[in-house]
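Here is the structure we will look at, set down as structure tokens.
Below, each value reflects all heavy atoms present in this structure, side chains not excepted, and no hydrogens, waters or symmetry copies. A, B, ... follow the sequence lines: proteins, then strands. Residue 1 opens every chain.
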Amino acid sequence: MASADKPINTDVPEKDVFTLHFLQSLSNLRRQNTFNSPEKTNDRVKKIKKAAYVSMARAAGGTNRLWSRALLRRAAKENSKVVRFPRRKKRVTCLRRRRSNRRDPVEEEEAERLRNLVPGGGGMETSKLMEETAHYIKCLSMQVKVMQCLVDGLAPK
Amino acid sequence: MSGRRSRSRQSSGTTRISEDQINDLVIKLQQLLPELRDSHRSDKVSAARVLQDTCNYIRNLHREVDDLSERLSELLANSDTAQAALLRSLLTQ
């Protein structure tokens, strides 16, 4: 595949793009009366959290990135289902077995944990996993900063 | 036939990653971690340690998102002028 030749893109995602997406989702939730309805607080928090992650994935390039694609796909599935999809553990273990021959076992164990934390990480080669992780971390910390900004802005003075 | 064989060998060569590439990626990850970012180049941090700290860091960030979502939910439920406040915070960022 040609994707292997592409230069590694480690651009920091657009903060403004994320903020815009997120605010839009929040005002949509508001229009649906999410915040005034007697809905359980837990559900409200879940919706906000989901809005934040989906906005981050969109800002990060949508389907161009493996992790953002996996995240968006998972979110779309959640919208159309009631049943939870089980994690694809099988694939992960078979990858581990194959790789453990040539790499440090401790290192592999940690990489395995990382695979469970990064969206779509289950099927990734170690190098791809690390590249995607680097990008994911940048996006996540940007997301946290913006959310903190919003909380600070909304908090009563 | 030999052409096909050499092509397949070539493609498997591009997917194999060298130790150097992995090391570069490890260093790149290390620079993103608050705890390891400032460690000197001379004291080499093991790849396993970098990966471990990466996991912890991601978990912390996930937890922060959880907390912030909760706080946002409270704030948005309580304030009548949340919309206006949202816009204000957007503009003053």
Which region of A/Q143, side chain (C-beta onward) or backbone (N, CA, C, O), has a non-hydrogen atom less than 4.5 Å from a non-hydrogen atom of chain B, or is it both or neither?
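It is the side chain, since no backbone atom gets that close.
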
same_hphob_cluster([X], [Y]) at 4.5 Å side-chain heavy-atom cutoff:
X      : Y     : answer
A/L29  : A/L72 : no
A/F18  : B/L61 : yes
A/F22  : B/L75 : yes
A/V17  : A/M56 : no
A/M147 : A/V54 : no

Identify the two heavy atoms, one from [X] and one from [Y], that lie closest to each other, and give their separation to 0.1 Å.
X      : Y      : result
A/V144 : B/L68  : O-CD1, 3.6 Å
A/E107 : B/L51  : O-CD1, 3.6 Å
A/E110 : B/A48  : CG-O, 3.6 Å
A/L154 : B/L72  : CD1-CD2, 3.7 Å
B/I58  : A/L140 : CG2-CD1, 4.2 Å

Given the options A/T133, A/L114, A/V118, which has more heavy-atom pairs under 4.5 Å with chain B than any of the others?
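It is A/L114.
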
Apply the test side chain to side chain contact (heavy atoms under 4.5 Å, CB included) to residues A/I48 and B/L76: give CA-CA distance (whole Å), side-chain angles for both, the deciding distance (0.1 Å), then the verdict.
CA-CA 10 Å; A/I48 291 180; B/L76 289 170; 4.3 Å; yes

Could you grab the distance from atom [atom1] of [X] to atom [atom2] of [Y], nearest 0.5 Å is fine?
X      : Y      : atom1 : atom2 : result
B/K28  : A/M130 : NZ    : CE    : 10.5 Å
A/K145 : B/E64  : NZ    : CD    : 10.5 Å
A/K46  : B/D66  : NZ    : CG    : 11.0 Å

Between A/I137 and B/L33, does the side chain to side chain contact (heavy atoms under 4.5 Å, CB included) criterion hold? Intermediate values first, please.
CA-CA 9 Å; A/I137 287 182; B/L33 305 172; 4.2 Å; yes

Pair count under 4.5 Å, heavy atoms only, with chain A: among B/D24, B/L32, B/N60, highest is B/L32

Given the rule in the side chain to side chain contact (heavy atoms under 4.5 Å, CB included) test, do B/R59 and A/R113 qualify, once you have shown the distances and angles that lead to the verdict?
CA-CA 11 Å; B/R59 263 190 223 111; A/R113 288 222 203 117; 3.9 Å; yes

After noting the C-alpha distance and the side-chain angles of A/K49 and B/S73, does the key distance pass the side chain to side chain contact (heavy atoms under 4.5 Å, CB included) rule?
CA-CA 9 Å; A/K49 202 169 117 182; B/S73 164; over 6 Å; no

